[in-house]
Amino acid sequence: MVRTGHAPIVTLPYRAGVGVPPGVEVLDFPGLLARAHGHGVDPYSLRRPGFHVLIALRSGTLRCSLDFADHVLGPGDWLWVRPGQVQRYDSPLDAEGRIVLFLPGFLDRATAERAGADLGVWRPASVPADAERGSLRRLLDLLEHEYTAWDGRDGHVAVLRHLLAALVVRLADVHGADGGPVAGGEAFLRFRSAVERDFTRSHRVEDYAAGLGYSVRTLTRASRAGAGVGAKGYIDDRVLLEAKRLLVHTDLPAGVIGLRLGFPEATVFTKFFRRHTGRTPTAFRLSSGS
């Protein structure tokens with residue numbers, strides 16, 4: 001795939017297929033292509049899905065990009081695209097594997113927290129042991145079997161939910177999750193949700209602390225435990241990611257992007273961007289091949 005100019009980001013809402021369980025689908029790559037064409041979507045477009053996309057490769061190679069990182073998946077590799085991330089397939093979808101689509105909220109909250117469903121990019125990595133690879137394959141096969149046999153009963157949806165929960169929790173174990181409560185606790189979970197909702201309106205830790213009923217010190221400790229960076233750094237990282245998305249994938253002037261992200265003036269945005277990247281927004285856009 002050759003990238004030319006600013007590729008527009010397609011906001012991709014979830015549109016269920018006919019006769020499928022509510023909130024979850026299991027597809028192979030031909031099925032994914034057919035689904036995209038059926039909804040009038042270019043399968044190779046740059047998109048920001050409003051749902052989870054869990055990719056499991058069984059044979060062949062798949063190249064894709066996810067929030068400014070290029071990935072090459074081989075047999076045994078997994079990639080988890082979270083809602084709101086910018087993703088694109090950069091090679092033909094002719095590999096063999098499975099794609100699980102599911103809506104936010106399909107998993108219960110405890111499972112979502114345990115598996116890190118709301119965290120950032122899932123780094124693809126080969127499952128190291130044959131036993132682990134086989135366990136994941138069997139869980140995925142069971143999920144696919146129950147999906148194919150879906151008969152419309154609510155109880156059947158519950159079975160699918162439990163099988164998907166088992167799969168993502170097992171993936172979290174294989175990929176090194178600690179298996180305990182989310183680091184940073186409830187304070188970090190609430191802070192993370194608030195930042196996702198309000199990062200274009202406020203970049204101040206004090207505002208989040210006041211809104212959530214915590215001290216700045218508490219939020220800073222919680223963020224450092226949960227994300228490895230203090231509360232201010234966490235906010236800045238989220239703003240910076242969105243700035244990069246808009247610079248690379250839109251033709252909006254840098255000043256307009258800055259205003260959209262909550263900066264009072266273009267010069268303030270430029271100063272912020274240069275401090276974190278060492279480049280101006282314009283230089284970053286040019287270096288990204290646009």
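Since this is a predicted model, take the numbers as computed values, not measurements.
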Asks: Determine, stepwise, if the pair Leu27 / Arg35 fulfils side-chain contact (heavy atoms from CB on, under 4.5 Å).
Replies: CA-CA 9 Å; Leu27 308 166; Arg35 186 186 194 280; 3.6 Å; yes
Asks: So, for Cys64 and Leu79, which heavy atoms are closest and what is the spacing to 0.1 Å?
Replies: SG-CD2, 3.4 Å
Asks: Check Ser59 against Ala95 and note the closest heavy-atom contact, atom names and distance.
Replies: O-CB, 3.4 Å
Asks: Answer yes or no: is there a side-chain heavy-atom contact under 4.5 Å between Val229 and Arg224?
Replies: no
Asks: Using modelled atom types and a 3.5 Å cut-off, is there a donor and acceptor pairing between side-chain atoms of Arg47 and backbone atoms of Val86?
Replies: no
Asks: State, to 0.1 Å, how close Arg98 and Leu140 come at their nearest heavy-atom pair, and which atoms those are.
Replies: CB-CD2, 3.9 Å
Asks: Inspect the surroundings of NE2 in His145 and state if more than 12 heavy atoms from other residues, nucleotides or ligands are less than 6.0 Å away.
Replies: no
Asks: Tell me whether His162 at atom NE2 has more than 12 heavy atoms from other residues, nucleotides or ligands lying less than 6.0 Å away.
Replies: no
Asks: Indicate yes or no: does Asp198 engage Arg201 in a salt bridge with an N to O separation below 4.0 Å.
Replies: yes
Asks: Verify side-chain contact (heavy atoms from CB on, under 4.5 Å) between Arg170 and Leu139, making sure each step is shown before the conclusion.
Replies: CA-CA 9 Å; Arg170 184 66 182 130; Leu139 283 170; 4.0 Å; yes
Asks: Mark yes or no for whether Gln85, through its side chain, and Arg82, through its backbone, hold a donor-acceptor pair below 3.5 Å.
Replies: yes
Asks: Whether the side chain of His203 engages the backbone of Leu261 through a donor-acceptor N/O pair (distance < 3.5 Å, no angle test) should be reported.
Replies: yes
Asks: Is there a side-chain hydrogen bond (donor to acceptor under 3.5 Å, both in side chains) between Thr267 and Thr270? Walk through the geometry before answering.
Replies: CA-CA 5 Å; Thr267 54; Thr270 297; over 6 Å; no
Asks: Does the side chain of Thr148 reach to within under 4.5 Å of the side chain of Glu144, using non-hydrogen atoms?
Replies: yes
Asks: Could you check whether any side-chain heavy atom of Arg245 comes within less than 4.5 Å of a side-chain heavy atom of Asp67, counting everything from C-beta outward?
Replies: yes
Asks: Verify the distance criterion only: is there a donor paired with an acceptor across the side chains of Thr220 and Ser223 at less than 3.5 Å?
Replies: no
Asks: Which of parallel (below 30°), tilted (30 to 60°) and perpendicular (above 60°) describes Phe191 and Tyr234?
Replies: tilted
Asks: Leu240 and Leu259: same hydrophobic cluster, using ILVMFWY side-chain contacts below 4.5 Å?
Replies: no
Asks: Side chains of Thr61 and Leu73: closer than 4.5 Å at any heavy-atom pair?
Replies: no
Asks: Is there a side-chain contact between His276 and Asp236 (heavy atoms, below 4.5 Å)?
Replies: yes
Asks: According to a 4.5 Å side-chain heavy-atom criterion applied to Ile, Leu, Val, Met, Phe, Trp and Tyr, with indirect links allowed, do Val81 and Tyr44 form part of one hydrophobic cluster?
Replies: yes
Asks: Do Tyr214 and Glu186 get their side chains close enough for a donor-acceptor pair, meaning under 3.5 Å?
Replies: no
Asks: Report yes if the side chains of Ile257 and Arg285 come closer than 4.5 Å at any heavy-atom pair, otherwise no.
Replies: yes
Asks: Going from CG on Asp28 to CG on Leu93, what distance comes out if it is rounded to the nearest 0.5 angstrom?
Replies: 11.0 Å
Asks: Would you find a donor on one side and an acceptor on the other, under 3.5 Å apart, between the side chain of His156 and the backbone of Glu146?
Replies: yes
Asks: Do Ser287 and Arg279 have side-chain N/O donor and acceptor atoms under 3.5 Å apart?
Replies: yes
Asks: Given the rule in the side-chain contact (heavy atoms from CB on, under 4.5 Å) test, do Phe29 and Leu62 qualify, once you have shown the distances and angles that lead to the verdict?
Replies: CA-CA 11 Å; Phe29 284 106; Leu62 178 66; 4.0 Å; yes
Asks: Where the side chain of Tyr147 meets the backbone of Val20, is there a donor-acceptor pair that is under 3.5 Å apart?
Replies: no
Asks: If I compare all heavy atoms of Val157 with all of Pro22, which pair ends up nearest, and what's the gap?
Replies: CG2-CD, 3.8 Å
Asks: Working to the nearest 0.5 angstrom, can you tell me the gap between Leu167 CG and Thr111 OG1?
Replies: 11.5 Å
Asks: How long is the straight-line distance from CG of Leu171 back to CG of Leu136, given to the nearest 0.5 Å?
Replies: 5.0 Å
Asks: Assess the pair Phe284 and Phe273: is the distance between their ring centroids shorter than 6.0 Å?
Replies: yes
Asks: Determine whether Glu25 and Tyr14 satisfy the following criterion, side-chain contact (heavy atoms from CB on, under 4.5 Å), listing intermediate values before the conclusion.
Replies: CA-CA 11 Å; Glu25 298 183 47; Tyr14 180 77; 2.7 Å; yes
Asks: Under 30°, 30 to 60°, or over 60°: which ring-plane class applies to Phe272 and Phe269, parallel, tilted or perpendicular?
Replies: parallel
Asks: Please determine whether the number of non-hydrogen atoms from other residues, nucleotides or ligands lying under 6.0 Å from atom CZ of Arg260 exceeds 12.
Replies: no
Asks: Over all heavy atoms of both residues, which pair between Trp80 and Phe102 is shortest? Give the atoms and the distance, please.
Replies: CZ2-CZ, 3.6 Å
Asks: Does any part of the side chain of Ile55, heavy atoms only, come nearer than 4.5 Å to the side chain of Trp78, both counted from C-beta?
Replies: no
Asks: Could you check whether atom CZ of Arg58 has more than 12 heavy atoms from other residues, nucleotides or ligands sitting under 6.0 Å from it?
Replies: yes
Asks: Determine whether Gln87 and Val53 make a side-chain contact, defined as any pair of heavy atoms from C-beta on separated by less than 4.5 Å.
Replies: no
Asks: Using a strict threshold of under 4.0 Å (side-chain N to carboxylate O), is an ion pair present between Glu242 and Arg238?
Replies: yes
Asks: Test your reading of the model: is there a side-chain donor-acceptor pair from Thr250 to the backbone of Leu252, 3.5 Å cut-off?
Replies: yes
Asks: Of all heavy-atom pairs between Val41 and Ser45, which one has the smallest distance, and what is that distance?
Replies: CG1-OG, 4.2 Å
